[in-house]
Amino acid sequence: MTTTALFILLFLFMFMGMPVAVALGLSSLVTIMVFGTDSLASLSLKLYETSEHFTLMAIPFFILAGAFMTTGGVAKRMIRFAIAAVGHLHGGLAIASVLACVLFAAVSGSSPATVVAVGSIVIAGMVRAGYSEGFAAGVICNAGTLGILIPPSIVLVVYGAVTETSVGALFMAGVVPGLLLGLLLMVAIYVIARVRKMPRQPRASLGEVSAAARDSIWGLLLIIIILGGIYGGVFTPTEAAAVAAVYAFCIAVFVYRDIGMKQVPEVLIDAAKVTIMLMFIIANALLFAHVLTTERIPQAIAEQIIAWDMSAWQFLIVVNVLLLVAGAFMEPTGIILILAPILFPIATELGIDPVHLGIIMVINLEIGMVTPPVGLNLFVTAGITKMSIGQVIRAAMPWLGLLLIYLAFITYVPIVSLWLPGLFA
């Protein structure tokens, strides 16, 4: 009865148009007051404990680091390097755009930020070079999803906090799948470009490539500092986030000088707004997870699935279908916070590695970012190109089949996700 009431209230409030955070908190509050035994004082304590979660402290720092990198000229330098490196290939400008998304994802941790930073520069350039606007928009819309897979990923931090999985291991697990997906998109573009005879850029000299690499190296060093510091035992993921924020500030203000000291307060305010919004969602979602745990809902579901004698591969099919449907209607953080506490105990019982489950969930959520009606990358791409949302959906859909094939590959070949964390374990 409690389980039914909790989920009915959640979806009812969301259907009424309430923000996800309010729907999560209010459904939890009503369920506890009507069916539960907890006092309101215990709920206040739970919300306070949420704000003190050490792992979650990484989120505002990563958001701040991404804000400095996005506001500064880091994206321009990475795009210049990508074009110099691969622009001479068939479809070179489109391939360079994907490479730029891979590089920028490694410093931003956000999919929409990657789309905005790279797409606002390269889409217009691709159209001027002879590519159709639809093709350019579709490429960036899909390549931008790498922002939540390649570390530092805010979504992986949230998953680690909710399931108490090592954030360092999750970051390492996201490297190989992220690079492979970027490579897969580049190969697909190259094949299409050869068939359609798409334009190529003049081959850059070795000196031009070297100069572009030197110019962008300060931004690229961020990922080395984060992962090297974590796995070198220098600092924890949360401390790495703080180091990343300070490093991004120094690079943007003192090295590249794209941001003056007068602009720093604006960057801080923008980062604070995103942080407050995200932390409010997380606080209410962890309250929702508290109700689930108190009522033993995940454990009951796990026991039922085991009683059905469902194997791990069958369970993963259910997980993928559930997440693909949820991704079409909700944003990634909300999905992680609602479903991870339910799916995690079941996966553990079936012998599925928690790190592998996290990567599977994130790739599903990547697909959700380009799936209508609520795919966030679709709206961001429409905003920077001035295309209608229908045009952007038509441009993005041809790439969806490629992402689904890749999802099946990652789901049933766990070594791709687990090799690097195992190497550094």
Side-chain angles (χ1 to χ4, degrees), residues 17 19-21 63-64 66-76 78-79 82 93-94 96-98 100-105 107-129 131-150 153-155 185 258-259 263 266-267 269-278 281 327-335 365-400 403:
V20 173
I63 290 174
L64 183 57
F68 277 118
M69 289 294 189
T70 305
T71 306
V74 176
K76 288 183 180 179
M78 290 180 174
I79 292 168
L93 194 52
S97 301
V98 176
C101 286
V102 170
L103 297 175
F104 193 78
V107 299
S108 71
S110 166
S111 180
T114 303
V115 173
V116 170
V118 178
S120 58
I121 299 171
V122 301
I123 290 178
M126 290 172 68
V127 172
R128 285 196 299 270
Y131 296 82
S132 70
E133 187 176 38
F135 181 82
V139 166
I140 296 300
C141 186
N142 283 271
T145 62
L146 292 165
I148 62 171
L149 178 59
I150 296 176
S153 164
I154 294 171
V155 175
L185 290 170
D258 296 311
I259 302 175
Q263 294 173 276
E266 295 178 19
V267 177
I269 291 171
D270 289 341
K273 288 177 181 177
V274 177
T275 299
I276 291 168
M277 176 189 69
L278 194 54
I281 295 173
F329 297 96
M330 294 176 62
E331 55 88 32
T333 305
I335 295 172
L365 301 180
E366 281 190 298
I367 295 172
M369 299 290 283
V370 294
T371 306
V374 189
L376 188 55
N377 279 17
L378 298 173
F379 291 95
V380 174
T381 305
I384 62 176
T385 60
K386 307 304 179 187
M387 296 169 65
S388 71
I389 192 65
Q391 290 174 314
V392 175
I393 290 172
R394 286 192 295 273
M397 284 304 102
W399 302 95
L400 188 59
L403 296 181

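All values below were derived from every heavy atom in this structure, side-chain atoms included, with hydrogens, water molecules and symmetry-related copies excluded.
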### Query
So do Asn142 and Glu366 actually touch side chain to side chain, heavy atoms under 4.5 Å?
no
### Task
Search all heavy atoms of Leu376 against all heavy atoms of Pro112 and return the closest pair with its distance.
CD2-CG, 3.4 Å
### Query
Taking the side chain as C-beta and beyond, is there a heavy-atom pair between Val118 and Ile79 under 4.5 Å?
yes
### Task
Look up atom CD1 in Ile148 and atom CG in Leu365, then write down how far apart they are to the nearest 0.5 Å.
5.5 Å
### Query
Of the non-hydrogen atoms in Leu185 and Ala143, which two are nearest, and what is the gap between them?
CD1-CA, 4.0 Å
#### Entry: Residue list, side-chain contact (heavy atoms from CB on, under 4.5 Å) with Ala94, at least two apart or on another chain
Met126, Tyr131, Phe135, Ile189
### Message
Looking at every heavy atom in both Ala67 and Ala271, which two are closest together, and how far apart are they?
### Response
CB-CB, 4.2 Å
### Query
Hey, mind stepping through Val122 and Val139 against side chain to side chain contact (heavy atoms under 4.5 Å, CB included) and telling me if it holds?
CA-CA 11 Å; Val122 301; Val139 166; over 6 Å; no
### Message
Does anything in residues 118-128 form a side-chain hydrogen bond (donor to acceptor under 3.5 Å, both in side chains)? List the pairs, not counting sequence neighbours.
### Response
none
### Summary
Note: Pro372 and Ala328 closest approach over all heavy atoms is O-CB, 3.6 Å
### Task
Scan residues 371-385 for pairs that pass side-chain hydrogen bond (donor to acceptor under 3.5 Å, both in side chains), counting only residues two or more places apart or in two chains.
Ser111-Asn377
### Message
Just to verify, what does Ile389 make a side-chain contact (heavy atoms from CB on, under 4.5 Å) with, not counting sequence neighbours?
### Response
Leu378, Phe379, Ala382, Ile393
### Task
Kindly write out the residues that satisfy side chain to side chain donor-acceptor pair (under 3.5 Å) with Ser97, not counting sequence neighbours, or none if the list is empty.
none
### Message
Nearest 0.5 angstrom please: Ile150 CD1 to Thr114 OG1, how far?
### Response
8.5 Å
### Summary
For Gly134 and Ala395, the nearest pair of non-hydrogen atoms, with its separation, is O-CB, 3.1 Å
### Query
Glu266 side chain to Gln263 main-chain N or O, any donor-acceptor pair under 3.5 Å?
no
### Cys101 versus Gly144, closest heavy-atom pair with distance
SG-N, 4.2 Å
### Query
Excluding sequence neighbours, so at least two apart, what forms side chain to side chain donor-acceptor pair (under 3.5 Å) with Glu133?
none
### Value rounded to 0.5 Å, distance of CD1 in Ile140 from CD1 in Ile123
5.5 Å
## Note on the structure
Residue set satisfying side-chain contact (heavy atoms from CB on, under 4.5 Å) with Thr333, at least two apart, ordered chain then number -> Val158, Leu278, Ile282, Glu331, Leu337
